[in-house]
Amino acid sequence: MMKKVLYSALLGLTAASALGATPVYLDDTKPIEERVEDALQRMTLREKVNIIHAQSKFSAPGVPRLGIPEIWCTDGPMGVRPEVLWDEWEQAKWTNDSCTAFPSLTALAATWNPEMAMLYGKSLGEEARFRNKSMLLGPGINIYRTPLNGRNFEYMGEDPYLISQMVVPYVKGVQSNGVAACVKHFALNNNEINRHTSNPILDDRTLYEIYLPGFRAAAQEGDAWTFMGGYNLFRGEHASYNPILMNDILKGEWDWDGAVVSDWGAVHDTPSAVKGGLDMEFGSWTNGLTNGASNAYDNYFFAEPYLKGIEDGTYSETELNDKVRRVLRLTMRTVMDRNRPFGSMGSDEHVAACREIGEEGVVLLQNRNNLLPLDLTKTKKIAVIGENAIKMMTVGGGSSSLKARYEVTPLEGLKKRIGDKAEIVYARGYVGDPTGEYNGVVTGQDLTDNRTPEQLLQEALAAAREADVVLFFGGLNKSNHQDCEDTDRKSLDLPYGQNELIEALAKANPNIAVINISGTGVAMPWAKDVDSILQAWYLGNETGNTLASVLLGDANPSGKLPYTYYASLDQCGAHKLGEYPGHKGIDALGNEVWDMPYNEGIYVGYRFTDKNKLKPTFPFGHGLSYTTFEYGKAGIDKAEGSKEDEFTITVPVTNTGDRTGKEVVQLYISDKKSSVDRPVKELKGFSKVELAPGETKEVSITVKGSDLGYFDAEKHAWVVEPGVFEALVGASAGDIRTKTKFNIR
């Protein structure tokens with residue numbers, strides 16, 4: 001590959017020399033738009049068509065004659081995926097493509113810390129740049145509409161404001177390395193079941209208020225260089241080339257100048273893709289060339305069929321030129337930027353970033369009797385129980401599966417941290433998924449266990465009875481129908497009989513902490529029976545070290561839930577009011593689709609539980625600490641203003657405990673008198689503050705009056721109505737500590 005790129009560059013220099021001066025498109029002192037136009041006018045029609053579709057599984061050819069390099073993409077949003085063969089998904093079997101596996105994006109969102117998002121994006125971008133990638137296929141920012149979505153672990157939660165605040169620094173961090181972030185999956189990829197035929201049905205108000213804000217922030221504030229469409233449909237057309245999403249909204253209303261990339265295998269016909277705003281086609285058909293000429297890259301929808309359509313007048317070259325401009329712009333921002341840094345791979349700094357992000361993202365959900373952090377002066381025997389204490393999690397889950405340089409399991413991390421200060425006894429408890437392979441990447445683990453469930457149970461109970469403390473490591477994994485692409489979960493319950501096992505363990509030893517490793521919420525019917533619950537996520541390379549640090553108190557947990565932890569699916573509007581996973585229908589062309597009405601509308605997550613006065617297991621924004629925080633009375637800088645004004649809410653927060661900790665102060669706004677139905681409250685600001693014991697800081701959060709409106713579908717505009725608004729400040733959506741009011745005239 002490198003020889004090919006160098007040869008292309010050499011050809012470009014030769015062409016430049018022949019012209020007697022450096023062509024404008026190769027002169028990086030010139031404005032990028034001048035360079036794009038200069039390159040465009042030099043390209044043949046065939047070169048224009050070539051540049052907008054793949055030449056291999058993960059690359060597009062560029063223009064060798066002009067020295068315009070190839071574009072190379074890579075999964076994924078949580079680590080740089082290992083190399084695959086040119087035409088196949090099979091591993092290339094390189095020995096130098098192991099990456100740093102970072103925590104899942106749910107864990108990142110749970111930090112509620114944009115600085116962590118910047119660190120994450122910068123670190124990940126450095127690894128992609130070191131591997132000479134032009135485009136990183138991430139981040140994923142689709143809304144958690146249902147906890148059953150198999151891809152939730154790749155996304156950033158249920159709230160559009162939180163997602164917007166976290167995606168922008170992530171994108172900027174990645175692109176600071178000259179690597180394009182590819183924000184996905186635009187839009188409404190809220191389930192994996194029937195994902196190629198799912199047709200969400202929702203109104204414009206719901207679309208604009210809930211499902212678009214994160215993408216708008218990525219496009220307008222993050223200046224993301226690429227977007228990826230979803231597999232799903234929207235109003236009858238596939239998302240990857242949906243004219244409403246791509247042309248009207250992304251490129252029209254948002255005035256975005258980047259390139260739209262198809263998901264792999266998401267393109268189905270040439271006419272729709274040409275007209276619908278798609279710019280680059282990747283991954284059509286399962287194998288590139290191995291199935292013969294019918295699947296060759298030249299027969300992609302954006303290849304020979306498009307070229308012939310232009311030649312016979314079916315399509316205009318005007319549409320093609322717009323696509324080529326966007327791809328050239330992408331190329332010049334990435335591989336043709338001589339000043340982009342060289343990047344780094346698997347550095348000590350990346351390991352430290354993985355650990356820091358994970359420690360900030362772990363959420364302490366419950367801590368009765370202050371069981372955590374463990375006190376090794378009193379705790380001499382610890383029973384570690386559960387498959388997730390020993391199972392590696394970086395492999396599996398779909399396209400985000402990684403070939404990590406190493407992975408520390410929770411049991412290994414605890415043993416390393418505790419040493420001989422306490423005895424650790426391990427019992428399996430249950431057998432879930434004993435495998436450790438995905439797409440040719442293997443963990444090297446063989447967790448096969450032929451004992452009966454009763455034998456496993458009795459061993460676990462015996463260990464629990466003899467221990468001072470029980471640490472149960474369970475949750476989900478990255479197998480089908482759990483946290484995994486292309487399948488949704490079948491139930492909110494924990495799999496493999498874990499609920500019954502936890503209840504039995506709690507009876508055997510009341511000093512029990514449950515460490516739930518998952519990327520989404522699970523039912524916890526046993527919550528009242530256990531002392532402590534930790535939401536641990538998938539934490540990458542440093543999983544074991546991160547969890548040991550939190551469990552032993554080296555790090556004080558400060559994560560907050562980025563979604564509502566439902567007690568049952570009836571508390572989720574998508575299931576209570578919707579028709580998940582939809583019903584079978586037929587589109588205008590006679591194709592099967594799965595229509596999925598979003599009957600809950602704007603009432604997603606805490607908006608639904610608030611409206612219906614439901615008590616979830618844990619509310620959105622919830623998360624405890626090993627210290628405690630007291631909120632004073634909220635104040636505001638002005639009692640009245642116009643919608644063009646900014647309003648600054650302040651509140652003193654004091655650490656009333658005995659150790660340093662971080663608190664996420666959350667600001668929700670309630671429109672007290674609206675002419676339309678509006679949520680009880682909506683997140684409009686937050687600030688993470690670190691406080692020493694006894695320390696007080698005044699936290700200030702500013703909101704714009706223009707951001708407090710609703711979307712009027714008839715006017716196709718945001719409307720801020722005059723009247724009284726209430727600012728509610730608290731530690732979660734279910735724990736409001738202080739309020740103040742202001743008026744918009």
Side-chain angles (χ1 to χ4, degrees), residues 1 3-5 7-9 11-12 15 39-40 42-74 83-90 92 133-135 137 182 196 226 228-229 231 238 240-241 259-328 330-331 335:
M1 180 189 74
K3 289 181 179 179
K4 192 170 184 179
V5 172
Y7 182 59
S8 297
L11 287 176
L40 181 69
R42 296 170 187 270
M43 293 170 65
T44 66
L45 179 60
R46 181 170 291 277
E47 286 172 337
K48 290 179 181 180
V49 170
N50 285 348
I51 203 173
I52 64 169
H53 68 83
Q55 65 171 354
S56 75
K57 266 298 170 200
F58 281 94
S59 71
V63 189
R65 181 180 64 86
L66 297 178
I68 296 175
E70 301 165 323
I71 290 285
W72 278 87
C73 313
T74 182
E83 301 296 331
V84 298
L85 296 176
W86 185 263
D87 299 316
E88 304 172 42
W89 290 113
E90 296 305 314
K133 304 303 181 185
S134 323
M135 185 193 312
L137 304 179
C182 187
H196 291 275
T226 58
M228 180 187 288
Y231 285 123
H238 289 276
S240 279
Y241 39 90
V260 173
V261 178
S262 72
D263 205 340
W264 269 233
V267 185
H268 303 277
D269 70 272
T270 302
S272 299
V274 169
K275 300 289 185 182
L278 181 67
D279 299 312
M280 298 187 80
E281 178 187 4
F282 283 97
S284 295
W285 304 294
T286 305
N287 295 295
L289 300 175
T290 57
N291 287 349
S294 66
N295 285 354
Y297 299 104
D298 284 343
N299 287 332
Y300 270 29
F301 297 107
F302 266 9
E304 289 297 322
Y306 193 10
L307 179 62
K308 291 176 182 177
I310 293 174
E311 291 173 338
D312 66 20
T314 302
Y315 313 114
S316 76
E317 198 167 347
T318 301
E319 291 162 331
L320 174 63
N321 286 344
D322 180 67
K323 300 178 192 303
V324 174
R325 284 188 181 95
R326 292 173 182 275
V327 176
L328 288 171
L330 167 66
T331 306
V335 287

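All residue numbers refer to positions in the sequence shown, counting from 1.
- Between Met43 and Val63, some side-chain heavy-atom pair lies under the 4.5 Å cut-off.
- Take Ala266 and apply the side-chain contact (heavy atoms from CB on, under 4.5 Å) test, not counting sequence neighbours, and it matches Tyr231, Ser240, Asp263.
- Taking OG of Ser284 as the reference point, atom CZ of Phe301 lies at 6.0 Å (rounded to 0.5 Å).
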Any chance you could lay out the side-chain contact (heavy atoms from CB on, under 4.5 Å) test for Val324 and Ile52, step after step, and finish with the verdict?
-> CA-CA 7 Å; Val324 174; Ile52 64 169; 4.2 Å; yes
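- When all heavy atoms are compared, the tightest approach of Glu70 to Ser134 is O-OG, 4.0 Å.
- For the pair Met135/Ile71, a side-chain contact is recorded, criterion being any heavy-atom separation below 4.5 Å from C-beta on.
- Tyr306 pairs by the ring pair (Phe, Tyr, Trp, His ring centres under 6.0 Å) definition with Phe302, Tyr315, not counting sequence neighbours.
- For Leu85, the side-chain contact (heavy atoms from CB on, under 4.5 Å) partners at least two apart in sequence or on another chain are Glu88, Glu90, Ala92.
- Under the rule for a side-chain hydrogen bond (donor to acceptor under 3.5 Å, both in side chains), Asp298 has no partner lying at least two apart in sequence or in another chain.
- In this structure, CG in Leu45 is found 5.0 Å from CG in Leu307, a value given to the nearest 0.5 Å.
- Considering all non-hydrogen atoms of both residues, Ala60 and Ile51 come closest at CB-O, 4.2 Å.
- When all heavy atoms of Tyr300 and Pro305 are compared, the pair lying nearest together is O-CD, 3.1 Å.
- At distances below 3.5 Å, not a single donor-acceptor pair connects side-chain atoms of Trp264 with backbone N or O atoms of Glu281.
- Under the salt bridge (Lys or Arg N to Asp or Glu O under 4.0 Å) criterion, Glu47 pairs with Arg65, not counting sequence neighbours.
- Side-chain contact between Arg326 and Val260: absent, with no pair of heavy atoms (C-beta onward) separated by less than 4.5 Å.
- Atoms CG and NZ, from Leu328 and Lys323 in turn, are 14.0 Å apart once rounded to the nearest 0.5 Å.
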Mind running side-chain contact (heavy atoms from CB on, under 4.5 Å) on Thr270 and Val274 for me, showing each step along the way?
-> CA-CA 6 Å; Thr270 302; Val274 169; 3.9 Å; yes
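- When atom types are taken as modelled, the side chain of Thr314 and the backbone of Ile310 share no donor-acceptor pair closer than 3.5 angstrom.
- For residues 304-316, the salt bridge (Lys or Arg N to Asp or Glu O under 4.0 Å) pairs, not counting sequence neighbours, are Arg46-Glu304.
- Interatomic distance, NE2 of His53 versus CZ of Phe282, reported as 10.5 Å (0.5 Å rounding).
- Here CG of Leu137 is found 4.5 Å from CE of Met228. Values are rounded to the nearest 0.5 Å.
- Not counting sequence neighbours, the partners of Lys275 by the side-chain hydrogen bond (donor to acceptor under 3.5 Å, both in side chains) test are Glu319.
- Applying the side-chain contact (heavy atoms from CB on, under 4.5 Å) rule to Ser56 yields the partners Ser59, Trp72, Trp86, Tyr297; only residues at least two apart in sequence or on another chain are considered.
- Listed by chain and number, the residues in a side-chain contact (heavy atoms from CB on, under 4.5 Å) with Asp269 are Tyr241, Pro271, Ser272 (sequence neighbours excluded).
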For the pair Asn321 and Lys48, evaluate side-chain contact (heavy atoms from CB on, under 4.5 Å) and give the outcome as yes or no after the intermediate values.
-> CA-CA 8 Å; Asn321 286 344; Lys48 290 179 181 180; 2.9 Å; yes
